[in-house]
Amino acid sequence: NAGVTQTPKFRVLKTGQSMTLLCAQDMNHEYMYWYRQDPGMGLRLIHYSVGEGTTAKGEVPDGYNVSRLKKQNFLLGLESAAPSQTSVYFCASSLRWGDSNQPQHFGDGTRLSIL
Amino acid sequence: AQKITQTQPGMFVQEKEAVTLDCTYDTSDPSYGLFWYKQPSSGEMIFLIYQGSYDQQNATEGRYSLNFQKARKSANLVISASQLGDSAMYFCAMREVNTGNQFYFGTGTSLTVIP
């Protein structure tokens, strides 16, 4: 039971470097989400996708890009990393709204530090 | 305006006692879902319980119950017979049907169970 898998789990970048976080889910979920978690601020939505080939901005999208070329994968990119992007990043997936009790399933998170 | 408000940054409870974690929400969508997640110090997000906006009865899952007061827009989590393993961050979340299926999270409550 893999569920939602995030890679890498930890990463340290220098300011200005780029990187891509990968999220993969094996539950055939339509919806996928990227969040960042900072102390005292809960989870804030960066971008999300309601299906293959579609993405939308969340609450804090600036400095990030995403792509969903395959249903099972959702990529989060940082083109030019900044210290303000130091955070823990969570990927989540869910079924389409319809069944009434479908929560999000989360990955274990990626701890990213920008020096 | 905040969609989800958790007013208790930190709570303490004696082992074996019950504790209530507060959550209020704001929505004009008649169809929505309310969720509680637990985040232990290891970092993963664990789904605990769900309440749908049309559910007539309060949800229960083992030692967890959700005190749903629709008119007050509150969805408090009640943990009965607290255990040391309940020490964690707890997040309340809401999913609205008509806003692109985003999930909105509160800032969390840190619960410490005292032996």
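Values in this document were obtained by computation on a predicted structure and should not be read as measured data. Letters go in sequence order (proteins before strands), and every chain restarts at 1.
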Output for pair (B:Phe103 CZ, A:Tyr35 OH), nearest 0.5 Å, gives 6.5 Å
A:Glu79, CD atom: more than 12 neighbouring heavy atoms under 6.0 Å: no
Donor-acceptor check, side chain of B:Tyr37 to backbone of A:Gln104, threshold 3.5 angstrom: yes or no? yes
Please state whether the side chain, the backbone, both or neither of B:Gln6 comes within less than 4.5 Å of a heavy atom of chain A. neither
Please state whether the side chain, the backbone, both or neither of A:Leu43 comes within less than 4.5 Å of a heavy atom of chain B. both
Any chance you could measure A:Ser94, atom OG, to B:Phe47, atom CZ, to the nearest 0.5 Å? 12.0 Å
Just wondering, more than 12 heavy atoms not from B:Lys16 lying within 6.0 Å of its NZ? no
Would you say B:Met94 and B:Met89 are hydrophobically clustered, going by side-chain heavy atoms of ILVMFWY under 4.5 Å? no
Chain A contact residues among residues 106-115 of chain B, heavy-atom distance under 4.5 Å: B:Gly106, B:Thr107
Chain B contact via A:Gln37 - which portion, at a heavy-atom distance below 4.5 Å: side chain
Any chain of hydrophobic side-chain contacts (each under 4.5 Å) joining B:Phe35 to B:Tyr32? no
Say whether B:Leu21 and B:Tyr104 are linked into one hydrophobic cluster, either directly or through other cluster members, by side-chain heavy-atom distances under 4.5 angstrom. yes
Verify same cluster id: A:Ile46, A:Tyr33 (apolar side-chain graph, 4.5 Å): no
Evaluate the side-chain proximity of A:Phe90 to B:Gln39: yes if any heavy-atom separation is below 4.5 Å, no if none is. yes
Quick one: do A:Leu112 and A:Val66 end up in the same hydrophobic cluster if we chain Ile, Leu, Val, Met, Phe, Trp and Tyr together by side-chain heavy atoms under 4.5 Å apart? yes
State, yes or no, whether a side-chain contact exists between A:Phe106 and B:Glu44 at a heavy-atom distance under 4.5 Å. no
Determine whether more than 12 heavy atoms belonging to other residues, nucleotides or ligands lie under 6.0 Å from atom CZ of A:Arg44. yes
